[in-house]
Student: 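Structure in C-alpha cells, see below.
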Amino acid sequence: MTQVAPAIHVLPAHVARLIAAGEVVSRPLDVVRELVENALDAGATRIEVELAGGGLKLVQVRDNGCGIPADSVQLAAVRHATSKLQPDIRAVDHVTTLGFRGEALWAAAQAGELGLVTRPAAQVGASEVLAHGEHITVSRTSAPAGTTVQVRHLFAGLPARLRTQASPNTEAREITTLVGRYVLHHPGLHWKLTVDGEARLTHAPADHRGAVASVYGALSANRVLNVHQGSVRGVVSRPELTRARRDRMHFSVNGRPIQAPPELEKAVIEGFAELLPVGVAPLCVLDLSVAPEDHNPNVHPAKQVVALADLPGVSARVREAVAAALAEHPLARLAPALIAAPEPGAPVNARNFPELTLVGIYQELYLLAQGEGDLWVIDAHAAHERALYEQFTRELEAAPALELPQPELLHLTPEQTARLHERGEELRRWGLTLEDFGAGLARLRTLPATLAALPVPRLHEQIVEAALGEHPDPRREVLGRLACAPALKAGMLDHGRAEHVLSALSACEQPWACPHGRPTTLRLSERELAHAFGRRNVRDVARGRDEVKR
C-alpha cells in the first residue's frame, strides 16, 4: 500500500516552544542524519546517500517514499513546518516519527543551498523547491515518485564555521559509520552510500544478521545469535566475538538509533554473565520498542539521546532477552584450526550440552572426549571451576549465614570502605555481614555457611577483597574466586576424577564457560581432521553439530 503524506503545517508558537530547539546543522553529518530520518518517516524502501567533499560540497539523499504533495511543498523549508507533529500541545508527548520539529530542511537552507524535488506516486508532475536563507522558490518539474534532497556548499557563507569543520575524509568516515547504524537498525531496506563517486556501503534487504554482514563483514555475521523476546529484537555476538571497547553495541528505540545510556550496555553484558571476561564487550544490535508516551526524544538537538520513563524496566528486559538468546544455543567454541585445514568450521546447530564419552587425558589437565561425531577437549580446571561455582551458587541461596564465634577485624582501603557503604545491604542478603569499624577497619560478623569451611588460604580476606573489589557483581566475583582455589589443577587428574568432572559439567546450567569467561570446551569435528589429512571420502561429510539441516 502506498503511503500518503499528511499535510504540512506550521506549528503554533506554544507548541514550538516545547521543542528542544538547538543547532540542528553544525556539520555535514547532521544533514545526512536529518534527511535519512525524513526518508524513513516517508516510508521509503530504498535510500541512497551521496557525498562530495565530505559533504561540504554536496549532500544528497534520494528515497522512494511517499513524497510531499504539491499543495504543501511551499511550507517544506519553513521553520517549524512539519507534517509529523499535530499542532496540539499534547502531541509532543506522543512522538511516533523520527523527525517532528520541522527544522531539518529550514536549517539546511540556512547553512547551505537547499534543492528539493518531490512527487507522491499518485500525483502528476513533481515539485521543486530551492531555498537559501529565507529565500524560497517553488516550481513544477518532472521526476520519479519519491524525494531527492540536495544540500550544496555547506557553510560557504559562514567562513568561521567552515574553518572549524573536520577534514573531508574524517567527515566521510563518520557519515559512513552513521549510515551503517541506520542499516543495522533498518535492515529490511535497500541502502547505498556513495562518497566522491565511489560506492562506500551497499545493503540489500535482509535480517539483522545480513545487516551485520554488510556493515562489519561475514566473519562477524557468522558469529551472532538472534534475539527475539517481547519488545527486544536483534542480534548479539557469541562470547568469542568481543572487543575491548563498546563501540559495536548498538541500540534503537522505536526505530531511532540512540546513544545508549550506560544502563543498557550494562544490561547486555550482565545478560552474558560469566560468559564474558571482565573488560570486554560484545557486538550487539538491539531494537527496543516502548510506548510513545514512555520515551522522550526531545531532550537533545540531535535526537540521539532519548529519555526513557522506565529505564530500569527496559534494562531488565534487555538483560533477560540476551540471556535467553544465549541459553538457546550451544556455546562451545571450535578448537584452534589445524594448519593444514583449508576451511573454517561450519556454524553450530542449536542443541544442549552433548552426551560425551571420556576417551583419554592429556597433560594431566585436559579431557579428551567424543560425542556427536566430534572430538571434544575439556579444560578440567575450567570445567571443575564451573561446576563448583554453580554448586556454591545453589548452596548460598539455601544455607543460612554462619555467625563467627569471634568477629574479625580487617583492614580496608578507602575505596573498599566506600564500596562497603554502597554494598553493605546487598552483602548481608547473601550472608556476608561486614560493618565499618572506623579508622580503616571493618568488623566481619557473619559468612555464607557454604563458604566458611572451604580450604582456601586467607579465606576471610579473599572474600572481603572480592566483595569490595571493582567488579560490579560482588557475589559473582566472590564465588568465582573461591571456586578457582579448590578446582582441579594440572597434575591432579586421574580417570575417576576426569569422569566426575565430565559428569558435573554436563549437569551445569551454563557449561560453556568458567566463572571468569574462559571457555570450558573446544570442539574439533571429524570433517576438519579428514580435511587436514587430505581425505576425500565418506569421512568428508558434515556430521553432528556441523550437519546442515535441510
Side-chain angles (χ1 to χ4, degrees), residues 223 225 236-242 269 271-280 282 322-323 325-337 345 347-394 473 476-525 528 544-546:
R223 287 165 171 77
L225 308 174
V236 294
S237 61
R238 291 172 57 87
E240 64 264 29
L241 180 61
T242 60
I269 292 173
F272 277 79
E274 57 274 8
L275 288 172
L276 282 186
V278 175
V280 301
V322 170
L326 292 166
E328 291 175 359
H329 295 82
L331 301 175
R333 309 178 191 188
L334 287 176
V348 298
N349 296 325
R351 300 179 190 171
N352 294 327
F353 195 78
E355 184 174 336
L356 299 179
T357 302
L358 184 69
V359 296
I361 300 172
Y362 175 64
Q363 296 287 40
E364 298 182 289
L365 176 60
Y366 302 102
L367 312 182
L368 304 181
Q370 64 180 6
E372 299 181 340
D374 296 335
L375 174 66
W376 296 72
V377 183
I378 298 98
D379 183 324
H381 175 77
H384 194 202
E385 193 176 35
R386 176 77 233 179
L388 289 173
Y389 172 80
E390 293 200 8
Q391 175 191 332
F392 293 165
T393 301
R394 292 190 299 269
D473 188 337
R476 184 187 303 163
E477 181 68 6
V478 168
L479 297 184
R481 181 180 294 196
L482 296 185
C484 179
L488 291 170
K489 309 293 193 301
M492 299 173 64
L493 267 186
D494 55 30
H495 193 83
R497 287 174 173 172
E499 290 280 12
H500 172 75
V501 167
L502 201 57
S503 174
L505 183 65
S506 66
C508 287
E509 293 183 8
Q510 178 53 276
W512 307 107
C514 81
H516 306 102
R518 292 195 304 108
T520 56
T521 61
L522 297 174
R523 176 176 65 88
L524 184 60
S525 70
E528 288 290 340
R545 292 181 182 262
D546 291 319

Student: Kindly assign one of parallel, tilted or perpendicular to the pair Trp376 and Phe353, based on the angle between their ring planes and the thresholds 30° and 60°.
Tutor: tilted
Student: Would the distance check show the side chain of Gln370 and the main-chain N or O of Val359 forming a donor-acceptor pair, the cut-off being under 3.5 Å?
Tutor: no
Student: With respect to Arg386, which candidate in His516, Glu274, Gln510 satisfies the side-chain hydrogen bond (donor to acceptor under 3.5 Å, both in side chains) definition?
Tutor: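 The side-chain hydrogen bond (donor to acceptor under 3.5 Å, both in side chains) with Arg386 is passed solely by Glu274 among His516, Glu274, Gln510.
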Student: Identify the two heavy atoms, one from Pro515 and one from Glu385, that lie closest to each other, and give their separation to 0.1 Å.
Tutor: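 For Pro515 versus Glu385, the nearest heavy atoms are CD-CG, 3.7 Å.
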Student: Kindly compute the distance separating CD (Glu528) from CG (Leu375), expressed to the nearest 0.5 Å.
Tutor: 12.0 Å
Student: For the atom pair CG (Asp374) and CG (Leu524), what is the distance rounded to the nearest 0.5 Å?
Tutor: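 With rounding to 0.5 Å, CG (Asp374) is 8.0 Å from CG (Leu524).
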Student: Measuring from atom CG of Leu505 to atom OG1 of Thr520, what distance do you get when rounded to the nearest 0.5 angstrom?
Tutor: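 If I round to the nearest 0.5 Å, the distance is 5.0 Å.
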Student: For the residue pair Ile269 and Pro282, establish whether any side-chain heavy-atom pair is separated by less than 4.5 Å.
Tutor: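 A side-chain contact exists here, since the closest heavy-atom pair is under 4.5 Å.
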Student: For a quick test of reading the model, state the closest non-hydrogen atom pair linking Tyr366 to Asp379 and the distance between them.
Tutor: CD2-CA, 4.0 Å
Student: Is there a side-chain contact between Phe272 and Val236 in this structure, where contact means two heavy atoms from C-beta onward sitting under 4.5 Å apart?
Tutor: yes
Student: Please name the pair of heavy atoms, one in Leu225 and one in Ala325, separated by the smallest distance, quoted to 0.1 Å.
Tutor: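 Heavy-atom minimum between the residues: CD1-O, 4.3 Å.
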Student: Within the structure provided, determine whether Ser237 and Arg223 are in side-chain contact (heavy-atom separation under 4.5 Å).
Tutor: no
Student: For Ser506 and Ser503, indicate whether the former's side chain and the latter's backbone hold a donor-acceptor pair under 3.5 Å.
Tutor: yes
Student: Is it the case that atom CZ in Phe392 sees more than 12 heavy atoms from other parts of the structure closer than 6.0 Å?
Tutor: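 Above 12, so yes.
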Student: Testing the basics here: between Val501 and His384, what is the closest heavy-atom pair and its distance to 0.1 Å?
Tutor: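 Closest approach of Val501 to His384, heavy atoms only: CG1-N, 4.1 Å.
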Student: Ignoring hydrogens, what is the shortest heavy-atom contact between Ala498 and Leu367? Give both atom names and the distance.
Tutor: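 Residues Ala498 and Leu367, closest heavy atoms: CB-CD2, 3.5 Å.
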Student: For the side chain of Thr521 and the backbone of Ala332, is there at least one donor-acceptor N/O pair under 3.5 Å apart?
Tutor: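 Between the backbone of Ala332 and the side chain of Thr521 there is no qualifying donor-acceptor contact (under 3.5 Å).
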Student: side-chain contact (heavy atoms from CB on, under 4.5 Å), that's the test. Do Cys484 and His381 meet it? Break it down for me.
Tutor: CA-CA 8 Å; Cys484 179; His381 175 77; 3.7 Å; yes
Student: Please report the interatomic distance OG1(Thr357) to CG(Leu368), rounded to the nearest 0.5 Å.
Tutor: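 With rounding to 0.5 Å, OG1 (Thr357) is 13.0 Å from CG (Leu368).
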Student: I need the His500 NE2 to Leu493 CG distance, nearest 0.5 Å.
Tutor: 11.5 Å
Student: To the nearest 0.5 Å, what is the distance between CG on Leu522 and CD1 on Ile378?
Tutor: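 Going from the CG atom of Leu522 to the CD1 atom of Ile378 covers 9.0 Å.
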Student: Taking Arg518 for its side chain and Pro277 for its backbone only, find out whether a donor-acceptor pair lies under 3.5 Å.
Tutor: no
Student: Which heavy atom of Leu356 sits nearest a heavy atom of Ala369, and at what distance?
Tutor: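 Closest approach of Leu356 to Ala369: CB-CB, 4.0 Å.
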Student: So, do Pro239 and Trp512 sit near enough that their side-chain heavy atoms are less than 4.5 Å apart?
Tutor: no
Student: Does the side chain of Glu364 reach to within under 4.5 Å of the side chain of Met492, using non-hydrogen atoms?
Tutor: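 When only atoms from C-beta onward are counted, Met492 and Glu364 do not touch, as no gap falls below 4.5 Å.
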